[in-house]
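Below: one structure, written as structure tokens.
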Amino acid sequence: MERRRNNQRTATRIRIVGFMLGMAVAAAVLGASKIPAGAGALGADISMVVAPIGELAVKHPGRVLAGTTLTPASDPATGGFTVLDQTMFPLLLRLRGIPDTPGLDRALWVELTGPDGEQLFRGSLGDFRDWTQDPVTLQPGVWSTFGLEAWIPGDVGPGYAGRMVQVDLGFRVTKVAS
Amino acid sequence: MNRATRLLAALITTGLIAVASGRVTFAAFTATTASPANAIASGTVSIADNDAGNVMWNVTNQLPTSPAIVRCIRVTYTGTLPATVRLYTTTAASALDPYLNVTVEKGTMPAATTFSNCTGFTSQATIAPTGTLQAFKTARTGWANGLQAFPGAQTAWNASDTLVYRFTVQVQTVFAAQGLTGLVGFTWEAQNQ
């Protein structure tokens with residue numbers, strides 16, 4: 001009787017040990033099969049393009065800013081462009097940017113600076129759809145350079161990850177009132 | 001079943017269950033492919049010039065001996081579709097038309113040369129040989145018979161292409177030309193190819 005109980009106890013222990021061994025084997029297999037974590041963060045991509053209009057020549061039309069894998073931790077993407085008033089009058093220039101998708105309207109911020117380093121716009125990409133408030137005066141035949149920065153602020157959530165946007169910069173010119 | 005067999009059976013069973021659960025976990029590693037946010041955008045055809053609404057010339061007291069009026073206008077294609085551009089006029093006939101000689105050339109010019117100067121103009125071709133303004137107005141009345149020109153050797157206007165048109169206008173040495181007025185406006189029309 002006592003011997004039978006001992007045998008049952010031993011069998012139970014063996015089952016427990018077997019179960020634990022099996023679990024250990026399974027855990028080892030799973031661990032070995034785990035895909036390693038990626039080395040980098042998935043960020044946002046932005047490009048800004050500019051094209052001439054009748055009144056304005058652009059020194060290098062096309063892409064004037066390119067930012068890849070932008071995250072809240074990364075440095076701003078920087079760029080710029082140079083335009084020339086090719087009419088015979090001084091012109092007042094206002095600018096804006098039209099994104100081809102609204103996906104980064106809130107997450108991405110933009111700063112536009114004028115020829116003298118003055119800030120013409122600083123805000124979200126969505127707000128950049130509106131024309132800048134203060135115009136820049138362009139003199140005929142004079143090249144003027146503008147600066148661009150784009151970044152993702154630190155308090156932005158993860159919604160930016162993997163998104164891409166192209167922003168077409170637009171010009172609106174009016175003659176300086178005489 | 002002896003003890004060793006049961007031990008072995010327990011180990012195998014437990015291992016199989018564990019591996020099977022592992023396989024279920026592996027099944028969580030799924031792969032998908034997606035085609036998100038498919039977009040289609042229509043192309044554009046648009047064209048602009050650098051006159052800012054001003055006339056190319058407005059001269060008075062011209063004489064046959066006066067220097068020719070030479071003016072340049074830069075035309076920029078701001079559309080996205082490859083296009084053909086033609087020049088024509090829809091201005092009604094005016095008295096001086098038969099006595100005004102007009103030549104039109106296409107070419108390039110430094111960007112810093114502003115409307116309507118021609119400083120640094122380099123001719124690529126004469127697209128309208130010297131003829132009277134009257135003949136031009138008769139021959140070039142719309143898209144169908146417009147004066148076609150492309151930048152350089154291109155066969156289409158593409159986004160951001162520019163071309164400078166140089167107009168040379170001279171009053172003929174004809175007595176009947178005195179005291180008359182000539183008036184003309186030009187239109188550049190782009191159509192996608």
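Lettering of chains follows the sequences in order, A, B, ..., and the numbering in each one begins at 1. Hydrogens, waters and symmetry mates play no part in the numbers below; they use all other heavy atoms, side chains included.
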Heavy atoms from other residues, nucleotides or ligands near CZ of A:R172 exceed 12 (cutoff 6.0 Å): yes

A:Q133, CD: over 12 other non-hydrogen atoms inside 6.0 angstrom: no

Side chain, backbone, both or neither of A:P52 within contact of chain B (heavy atoms, under 4.5 Å): both

Portion of B:T114 that has a non-hydrogen atom of chain A nearer than 4.5 angstrom: both

Where B:A112 and A:L84 come nearest, the two heavy atoms and their spacing: CA-CD1, 3.7 Å

Shared hydrophobic cluster, B:F136 / B:V174 (ILVMFWY, side-chain heavy atoms < 4.5 Å): yes

Same apolar cluster: A:V49 and A:I46, side chain cutoff 4.5 Å: no

B:V85 with B:V164, same ILVMFWY side-chain cluster at under 4.5 Å: no

Linked, directly or transitively: B:V169 and B:V171 (ILVMFWY side chains, under 4.5 Å): yes

When B:D51, B:T78, B:N54, B:I73 are compared by non-hydrogen pairs under 4.5 Å with chain A, the top option: B:N54

B:S160 to A:P61 - nearest heavy-atom pair and separation: OG-CB, 4.1 Å

Gap separating the CD1 atom of A:I53 from the CG atom of B:D49, nearest 0.5 angstrom: 11.0 Å

Atom CZ of A:R106: over 12 foreign heavy atoms under 6.0 Å: no

Test item: A:Q86 and B:T162 side chains (from C-beta on) under 4.5 Å apart, heavy atoms: no

Contacting region of A:D100 [heavy-atom separation from chain B under 4.5 Å]: neither

Per-residue contact mode, A:A57 against chain B (heavy atom under 4.5 angstrom): side chain

